[in-house]
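Everything on this sheet refers to the single structure shown next.
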Amino acid sequence: MKISELSDRSGLPVQTIKYYIREGLLPKGTATAATRAEYDGRHLHRLRLIKALREVGGLPVASVQQIVAAVDDDTVALHRLLGEAQYALGPRAEPRPEDPGWRAARQDVDAVVAELGWRVAPDAPARDLLAQAFVALRGLGLPIILRDLRPYIEAAELTADHEAGGLSAGTDRETAVQTAIATNVLYERVLLALRRMAQEDASTRHSASG
């Protein structure tokens, strides 16, 4: 297909596609003339990945370049590839090691991870994100008790197992990253919406029974 058709099918302007080619995010097409090239399904598939990373994930070009490079490098294991995508997505919390309250919260997070036996990298952004939440909860006078975290832990484990079960070692690498974008961004919104509706329902039922 010509670049104009690639533009129509991907929903991206021709100039954007040319920019992605210049930045090395998208391979060049097969030259058919001095100023013409042909593109195929692989280019369309890659553009859909880039579009998901940019528009859904909100990632800058530099982060997209890093993920695309990992997709193209078959020596990068699928687990590591998905980890790079997840770590790039955010949200992120800025560590504050000079703050005793933040340090205590970070230690509590590490203790929770160890207690659960979860295999999570020491530099995983989610550790700092949870520590930030712990600091805020304590600021509201709410203690951090593992018993109170259990429902959230169980929901997280159930969701994560469901998501991981949909991928296998034979899964196409670009499809796997697109799935990671969907689960880490879009389905997090689905989970948030469902939880809030469930809260409203539970509150209504408890009020009626009282």
Side-chain angles (χ1 to χ4, degrees), residues 49 52-53 56-60 62-71 73-140 142-195:
L49 172 61
L53 290 167
V56 179
L59 298 183
S63 296
V64 176
Q65 286 174 322
Q66 181 178 347
I67 293 172
V68 165
V71 168
D73 185 353
D74 290 337
T75 65
V76 177
L78 182 60
H79 172 72
R80 181 182 157 196
L81 171 60
L82 295 177
E84 288 195 19
Q86 186 207 64
Y87 285 16
L89 284 173
R92 288 179 174 272
E94 191 66 32
R96 292 183 289 135
E98 73 286 350
D99 180 356
W102 189 91
R103 287 201 305 271
R106 187 61 161 78
Q107 290 171 357
D108 288 340
V109 169
D110 295 342
V112 168
V113 172
E115 173 70 20
L116 295 172
W118 285 357
R119 288 168 288 184
V120 180
D123 61 343
R127 287 183 185 256
D128 290 336
L129 196 63
L130 186 55
Q132 184 184 61
F134 282 4
V135 170
L137 286 167
R138 286 188 175 128
L140 295 173
L142 300 172
I144 307 300
I145 303 172
L146 186 58
R147 182 185 67 248
D148 294 335
L149 291 176
R150 281 293 176 190
Y152 305 99
I153 292 169
E154 290 171 4
E157 290 180 327
L158 181 63
T159 303
D161 282 340
H162 171 72
E163 293 168 351
L167 297 173
S168 66
T171 302
D172 173 79
R173 293 166 69 83
E174 292 192 6
T175 300
V177 173
Q178 284 181 305
T179 300
I181 302 300
T183 55
N184 281 281
V185 178
L186 299 179
Y187 271 99
E188 281 193 357
R189 297 176 193 172
V190 171
L191 185 60
L192 174 64
L194 289 172
R195 179 176 175 273

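Index from 1, following the sequence. All values below were derived from every heavy atom in this structure, side-chain atoms included, with hydrogens, water molecules and symmetry-related copies excluded.
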* To do: Measure from the side-chain N and O atoms of N184 to the backbone N and O of A180, and report whether any donor-acceptor pair falls under 3.5 Å.
  => yes

* Structure fact -> All heavy atoms of G57 vs all of I181, minimum pair found to be N-CG2, 4.2 Å

* Decide yes or no on side-chain contact (heavy atoms from CB on, under 4.5 Å) for L129 and Q132, but give the supporting numbers first. => CA-CA 5 Å; L129 196 63; Q132 184 184 61; 4.1 Å; yes

With rounding to the nearest 0.5 angstrom, report the [atom1] to [atom2] distance, [X] to [Y].
X	Y	atom1	atom2	value
L194	R189	CG	CZ	14.0 Å
L53	Q66	CG	CD	11.0 Å
T175	R173	OG1	CZ	11.5 Å
T183	E188	OG1	CD	8.0 Å

Result block: side-chain N/O donor-acceptor pairs under 3.5 angstrom for residues 76-85, not counting sequence neighbours:
| unit_1 | atom_1 | unit_2 | atom_2 | d |
| --- | --- | --- | --- | --- |
| R80 | NE | E84 | OE2 | 3.4 |

Solution key, residues 144-161 side-chain donor-acceptor pairs under 3.5 Å, sequence neighbours excluded:
| unit_1 | atom_1 | unit_2 | atom_2 | d |
| --- | --- | --- | --- | --- |
| E157 | OE2 | W118 | NE1 | 2.9 |
| T159 | OG1 | A155 | O | 2.8 |

Contacts under 3.5 angstrom, residues 97-115 side chains, donor-acceptor by atom type, not counting sequence neighbours:
| unit_1 | atom_1 | unit_2 | atom_2 | d |
| --- | --- | --- | --- | --- |
| D99 | OD1 | G101 | N | 2.9 |
| D99 | OD2 | R96 | NH1 | 2.8 |
| R103 | NH1 | P97 | O | 2.6 |
| R106 | NE | D128 | OD1 | 2.7 |
| R106 | NH1 | D110 | OD1 | 2.5 |
| R106 | NH1 | D110 | OD2 | 3.2 |
| R106 | NH2 | P122 | O | 3.0 |
| D108 | OD2 | R138 | NH1 | 3.0 |
| D108 | OD2 | R138 | NH2 | 2.3 |
| D110 | OD1 | R127 | NH1 | 2.8 |

* Answer yes or no: does atom OH of Y87 have more than 12 heavy-atom neighbours from other residues, nucleotides or ligands under 6.0 Å? => yes

